[in-house]
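Only heavy atoms go into these numbers, but all of them, side chains included; no hydrogens, no water, no symmetry mates.
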Amino acid sequence: MRPSKHQVRRAFGKAAHTYNEAAEVQRHACETLAQSLPAGLTPARILDAGCGTAYGLQLLAAKFPTAFGIGVDLAEAMLQQSRPIPGAVGDLETLPVRSKTIDLYWSSLTVQWCDLGMVLHEAARVLRPGGTLAITTLGPDTFWELRNAFAASDRYQHTLGFIPAEAIPARAAVEGFFQISLQRERRLTHHPDLRSLLKSVKAIGANQVGPGRRTGLMTRSALEKAEATYETLRTPEGLPLTYDLIYLTAGK
């Protein structure tokens, strides 16, 4: 169950001015995905689907200096931060891109907000024969600490629901992709307390969870219970927060 497009657009729009400073894991994901691209790749046209503030496109421009890159993002405010990179407002499930015009379809940490099947179907549509798919998304271990902490205080949903890792290559195969490669990595961030941890999630726009979320304010006693539960996970570096990173590349 995912949040509505309106909720996602609004959250990332609000986070546009704080995203770059807070997006440490997102930059790492882009860099790792770039390293996993097939050797000898020379794309002429690159699409960054869910480009955000265009860190990925800038990385790809350095790696493929002769390629033409364009970004698509649901949040116009994010695209405004990405200038002068060419970009268009759009949805990964219905891309404003002509069929068979893209050599490299790139999407880093956006697919989890969408319907996986529709995203991969659109990726297959816009890619030219011989094109490459490169995606990073989040697996089900993402934010498990938050789920664990808030489960002690209420029954609301406090994190997004994430797709099982094995479902992603299976669906890619259904859409005609081949030579599918999947890698998985756990990446931890650490925070001094729960409030600053939640603030860091909001700063990257990842604070929408969809149906089942709490619609009112959390009581002080419920928050204190969640904080106490989270404190049992404290390390010398602070309170940990897990990102279950999934990297997938494939040919078309």
Heavy-atom check, side chain of Val126 versus side chain of Arg98, under 4.5 Å: no

Would you list the pairs meeting ring pair (Phe, Tyr, Trp, His ring centres under 6.0 Å) in which at least one residue belongs to residues 5-31, sequence neighbours left out? Phe12-Trp113

For the pair Ile180 and Phe178, evaluate side chain to side chain contact (heavy atoms under 4.5 Å, CB included) and give the outcome as yes or no after the intermediate values. CA-CA 5 Å; Ile180 299 168; Phe178 61 95; 5.6 Å; no

Return yes when atom [atom1] of [X] has more than 12 non-hydrogen atoms of other residues, nucleotides or ligands closer than 6.0 Å, and no otherwise.
X	atom1	result
Glu231	CD	yes
Arg125	CZ	yes
Glu224	CD	yes
His121	NE2	no
Lys5	NZ	yes

Is the backbone N or O of [Y] less than 3.5 Å from a side-chain atom of [X], with the two atoms forming a donor-acceptor pair by type?
X	Y	answer
Thr110	Ser107	no
Asp103	Arg45	yes
Glu145	Tyr230	no

Please report whether the ring centroid of Tyr243 lies less than 6.0 Å from that of Phe143. yes

Does any donor atom in the side chain of Ser108 or Gln26 lie under 3.5 Å from an acceptor atom in the other side chain? no

Is there a path of hydrophobic side-chain contacts, each under 4.5 Å between heavy atoms of I/L/V/M/F/W/Y residues, joining Ile135 to Leu92? yes

Please tabulate, one pair per line, all N/O donor-acceptor pairs under 3.5 Å involving side-chain atoms of residues 193-200, not counting sequence neighbours.
from, atom 1, to, atom 2, distance (Å)
Asp193, OD1, Arg195, N, 3.3
Asp193, OD1, Ser196, N, 2.8
Asp193, OD1, Ser196, OG, 3.0
Arg195, NH1, Glu227, OE2, 2.4
Ser196, OG, Asp193, N, 3.3
Ser196, OG, Asp193, O, 2.9
Ser200, OG, Leu197, O, 2.6

What do the steps show when you test Leu241 against Leu146 for side chain to side chain contact (heavy atoms under 4.5 Å, CB included), and what is the final call? CA-CA 8 Å; Leu241 184 64; Leu146 272 176; 4.1 Å; yes

Among pairs that include at least one residue of residues 52-76, which meet side chain to side chain donor-acceptor pair (under 3.5 Å), considering only residues two or more places apart or in two chains? Asn20-Thr53, Glu31-Tyr55

